[in-house]
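Presented below is the structure to which this report refers.
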Amino acid sequence: MGVDLPALDSRHLRPIDPAALRPAFSTHKPRILILYGSLRTVSYSRLLAEEAGRLLTALGCEVRFFDPKGLPLPDAEPVSHPKVQDLRDLTQWSEGQVWVSPERHGAMTGIMKAQIDWIPLAVRAIRPTQGKTLAVMQVSGGSQSFNAVNQMRVLGRWMRMITIPNQSSVAKAFQEFDENGRMKPSSYYERVVDVCEELVKFTLLTRDASAYLTDRYSERKETAEKLEARVQLTSL
C-alpha cells in the first residue's frame, strides 16, 4: 500500500470502487414512509405529514403512512403485537422516511419517540433503517424552534439513516393551515416543498448504492474473524 498503518488489517481494506457508487437506477417509484407524532383529532403534525405526502406523490413517490394510534409503549407488549409488526413491515418496505413531530416541552413527543424505539437497529442480519434516507420536520404552537428536528437528526444518525441537510420547522402551526386542513401559501410551505424535493433526489441517488455505501471495514473484519473461528472449531 505504500503507507505504514500498523493497526490496520489490510486484508479487509478495499479500494473505493467509483462504479459501485453509480449503479443502474431502479425504475420503481421511491417508497417513502411517513411517521407523525400526535394522536390529537386536530393534529398539525399529521396535517403537515399529509401535505408532505401529497408533494412526494406529485414528485413520483409511493407514499405510505403509519397511524400511531394503538401502538403500545416500547416493551409493554411483545414484538408480535399487530401495530408493532405493521410499523416494522412498513419500515422494511420503505427506501426513505419522513418524521414529523410536534415540539412539546422543548422536545419531540413521546408518541414520536415510541415509534422510533419500536424500530430495531437489527433483526438478525438485517438492519431495517440502515442506508435509507430521512427527512425531519416539526410543528410548534409558538415561535419557531428546532429542538424536535435536532433530536430526530440524532436518532436518524443512530438508526444509520442518511438524513438530508434540509429540514422544516413550522411555527404557530395553527395559523398555517386552512379550515380544510390544507397548508396555506407561505415561506413555511415553500420550505416543505424544498425538503420533499431534496428527499426524493437523495433517495434516487442512494437507494441502489445503499449496500455499498454501508459496507464497512470493521464489519468485514469482524465477519471474517467469526468465520475463521468457526472453521477452526469444526476442524478440531
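A salt bridge links Lys113 to Asp117: one of the charged nitrogens lies within less than 4.0 Å of a carboxylate oxygen. At a threshold of 4.0 Å, the pair Arg31-Glu95 counts as salt-bridged, since one of the basic side-chain nitrogens sits closer than that to a carboxylate oxygen. The pair Asp67-Lys69 fails the salt-bridge criterion, with no side-chain N (NZ, NE, NH1 or NH2) lying under 4.0 Å from an Asp/Glu carboxylate O. Salt-bridge annotation for Glu50 and Arg46: present, with a side-chain N of the basic residue lying under 4.0 Å from a carboxylate O of the acidic one. The pair Arg127-Glu219 counts as a salt bridge, with a side-chain nitrogen and a carboxylate oxygen less than 4.0 angstrom apart. Glu198 has no carboxylate O lying under 4.0 Å from a charged side-chain N of Lys201, or vice versa, which leaves the two without a salt bridge.
A continuous path of Ile, Leu, Val, Met, Phe, Trp and Tyr side chains, each step under 4.5 Å between heavy atoms, connects Phe174 with Leu48, placing both in one hydrophobic cluster. Under the 4.5 Å side-chain heavy-atom criterion for ILVMFWY residues, a single connected hydrophobic cluster contains both Trp158 and Leu35. Placement of Tyr217 and Val3 within a single hydrophobic cluster is found when ILVMFWY residues are connected by side-chain heavy-atom separations under 4.5 Å, directly or transitively. Ile34 and Trp99 are assigned to two separate hydrophobic clusters, defined by single-linkage of ILVMFWY side chains at heavy-atom distances under 4.5 Å.
The closest donor-acceptor contact from the side chain of Ser186 to the backbone of Tyr189 lies under 3.5 Å. Between the side chain of Lys132 and the main chain of Ser210, no donor-acceptor pair closer than 3.5 Å is present. Using a distance-only test at 3.5 Å, with no hydrogens or angles considered, a donor-acceptor pair links the side chain of Arg207 to the main chain of Ser26. Under the 3.5 Å distance criterion, the side-chain polar atoms of Arg88 are left unmatched by any main-chain donor or acceptor of Asp86. A donor-acceptor pair is defined here as one N or O able to donate and one able to accept, closer than 3.5 Å; no such pair exists between the side chain of Thr133 and the backbone of Ile162. One N or O on the side chain of Asn150 and one on the backbone of Phe146 form a donor-acceptor pair closer than 3.5 Å. With hydrogens and angles disregarded, a donor-acceptor distance shorter than 3.5 Å links the side chain of Arg153 to the backbone of Ile164. Under a 3.5 Å cut-off, the side chain of Asp9 and the backbone N or O of Arg11 do form a donor-acceptor pair. Formation of a donor-acceptor pair under 3.5 Å by the Tyr36 side chain with backbone atoms of Pro68 is not found in this model. Checked by atom type and distance alone, the side chain of Ser169 pairs as donor or acceptor with a backbone atom of Ser145 at under 3.5 Å.
Geometrically, Lys83 engages Phe66 in a cation-pi contact defined by less than 6.0 Å to the ring centre and at most 45° from the axis.
Counting only heavy atoms from C-beta outward, the side chains of Val136 and Leu134 approach each other to under 4.5 Å. For the pair Cys196/Leu59, a side-chain contact is recorded, criterion being any heavy-atom separation below 4.5 Å from C-beta on. At least one side-chain heavy atom of Met112 sits under 4.5 Å from a side-chain heavy atom of Met152. Put simply, the side chain of Leu121 does not reach to within 4.5 Å of the side chain of Gln130, judged on heavy atoms. Here the side chains of Tyr188 and Gln144 are in contact, with some heavy-atom distance below 4.5 Å. Residues Val149 and Glu103 have side chains not in contact (no heavy-atom distance under 4.5 Å, counting atoms from C-beta outward). No side-chain heavy atom of Ile32 sits less than 4.5 Å from a side-chain heavy atom of Ser94.
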Between Leu71 and Gln115, does the side-chain contact (heavy atoms from CB on, under 4.5 Å) criterion hold? Intermediate values first, please.
CA-CA 8 Å; Leu71 182 71; Gln115 293 174 80; 3.7 Å; yes

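To the nearest 0.5 Å, the span separating CD1 on Ile116 from OG on Ser101 amounts to 8.0 Å. Atoms CD and CH2, from Gln85 and Trp118 in turn, are 9.5 Å apart once rounded to the nearest 0.5 Å. With values rounded to the nearest 0.5 angstrom, Met161 atom CE is found 12.5 Å from Thr214 atom OG1. Expressed to the nearest 0.5 Å, how far CG of Leu155 lies from OG1 of Thr163 amounts to 9.5 Å. The CG atom of Leu87 sits 4.5 Å away from atom CD1 of Ile119, with the distance rounded to the nearest 0.5 Å.
Other residues, nucleotides and ligands place no more than 12 heavy atoms under 6.0 Å from the NE2 atom of His105. No more than 12 heavy-atom neighbours from other residues, nucleotides or ligands sit within 6.0 angstrom of CZ on Arg40.
Alongside Leu39, the hydrophobic cluster contains Ile111 (criterion: ILVMFWY side chains under 4.5 Å).
Residues forming a side chain to side chain donor-acceptor pair (under 3.5 Å) with Ser140 (at least two apart in sequence, or on another chain): Gln138. For the ring pair (Phe, Tyr, Trp, His ring centres under 6.0 Å) test, residues two or more places apart in sequence or in another chain that qualify with Phe177 are Tyr44.
No hydrogens or angles considered: nothing links the side chains of Arg191 and Gln167 as a donor-acceptor pair under 3.5 Å. With 3.5 Å as the limit, one finds no donor-acceptor pair spanning the side chains of Glu222 and His12.
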